[in-house]
Amino acid sequence: MSTITALLGPTNTGKTHRAVTQLLSHRTGVIGLPLRLLAREVYDRLTAEVGEAAVALVTGEEKRVPARPRYWVCTVESMPEGKDVEFLAVDEIQLAGHRERGHVFTDRLMRARGVSETMFLGSDTMTAAVEALVPTARIERHPRFSRLRGWRRSS
């Protein structure tokens, strides 16, 4: 049975890292990221681990699709639809509230699923929206392990 997890918490707590690790634990998968540069960073990490022949990169500006990729790294808008992959993740789901891009993130919340596992990552502010749009999702909190400190200008 397919599981759906919403991993919610503050920024810079390792949610994306956890999703990439989970992606690699599956035979096939797709991860949708909010920024082209973040997609490129994840693509570079995956290709270093499994090779370029196994990983596709699709953004609005770049498209690298080998003959038979196991993993797809995309911007959320560029995620392939209708692809049967074991694992699917969407990062920064709080962008569902964005005036221009929100409809894409909302669509992914409602329709994008992995065959075995789906993971949605984002801010705690999405708890009520996830409960309403994805009632079968298990919500997990991802706390910050260290305290962020403000930057101070020295005199």
Shortest non-hydrogen contact from [X] to [Y]?
X: Pro80; Y: Cys74; result: CD-SG, 3.7 Å
X: Ala112; Y: Thr118; result: O-CG2, 3.9 Å
X: Thr16; Y: Leu121; result: CA-CD1, 4.1 Å
X: Ser78; Y: Gly60; result: OG-N, 3.7 Å
X: Pro34; Y: Leu95; result: CB-CD1, 3.7 Å
X: Leu88; Y: Arg113; result: CB-C, 4.0 Å

Going by heavy atoms in the side chains, are [X] and [Y] under 4.5 Å from each other?
X: Glu49; Y: Leu24; result: yes
X: Thr75; Y: Leu33; result: no
X: Lys83; Y: Trp72; result: yes
X: Glu52; Y: Tyr43; result: yes

Examine distances only and state if a side-chain atom of [X] and a backbone atom of [Y] form a donor-acceptor pair shorter than 3.5 Å.
X: Lys15; Y: Leu8; value: no
X: Ser25; Y: Gln22; value: yes
X: Glu86; Y: Ser116; value: no
X: Arg108; Y: Val90; value: no
X: Gln94; Y: Ser123; value: yes

Give me the one residue out of Leu57, Thr28, Val50 that meets side chain to side chain contact (heavy atoms under 4.5 Å, CB included) with Tyr71.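 Answer after filtering Leu57, Thr28, Val50: Val50.
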To the nearest 0.5 angstrom, please state how far the OG1 atom of Thr136 sits from the CD1 atom of Ile4.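 Going from the OG1 atom of Thr136 to the CD1 atom of Ile4 covers 3.5 Å.
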Atom CE of Met126 and atom CD1 of Ile139: how far apart are they, to the nearest 0.5 Å?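 Between Met126 CE and Ile139 CD1, I get 10.0 Å after rounding to 0.5 Å.
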Any chance the side chains of [X] and [Y] put a donor and an acceptor closer than 3.5 Å?
X: Arg45; Y: His17; value: yes
X: Arg138; Y: Thr5; value: yes
X: Thr127; Y: Arg141; value: yes

Establish whether [X] and [Y] are linked, either directly or via other cluster members, by ILVMFWY side-chain heavy-atom contacts under 4.5 Å.
X: Val104; Y: Leu35; result: no
X: Val130; Y: Leu7; result: no
X: Ile93; Y: Val76; result: yes
X: Leu38; Y: Leu46; result: yes

Salt bridge or not for Glu77 and Arg101, using N-O below 4.0 Å?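 Looking at Arg101 together with Glu77, the answer is yes, because their closest N to O distance falls below 4.0 Å.
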So Arg111 and Glu81, side-chain contact (heavy atoms from CB on, under 4.5 Å) or not? Walk me through it. CA-CA 9 Å; Arg111 298 185 326 110; Glu81 296 185 46; 2.7 Å; yes
I would like to know whether Val30 and Phe87 meet side-chain contact (heavy atoms from CB on, under 4.5 Å); could you show each step before the answer? CA-CA 6 Å; Val30 173; Phe87 178 82; over 6 Å; no
Run the side-chain contact (heavy atoms from CB on, under 4.5 Å) test on Val73 and Val20 for me, step by step, so that the C-alpha distance in whole Å, both residues' side-chain angles and the decisive distance to 0.1 Å come before the verdict. CA-CA 10 Å; Val73 179; Val20 171; over 6 Å; no
Walk me through whether Arg40 and Glu62 qualify under salt bridge (Lys or Arg N to Asp or Glu O under 4.0 Å). CA-CA 9 Å; Arg40 183 58 197 232; Glu62 192 170 7; 2.6 Å; yes
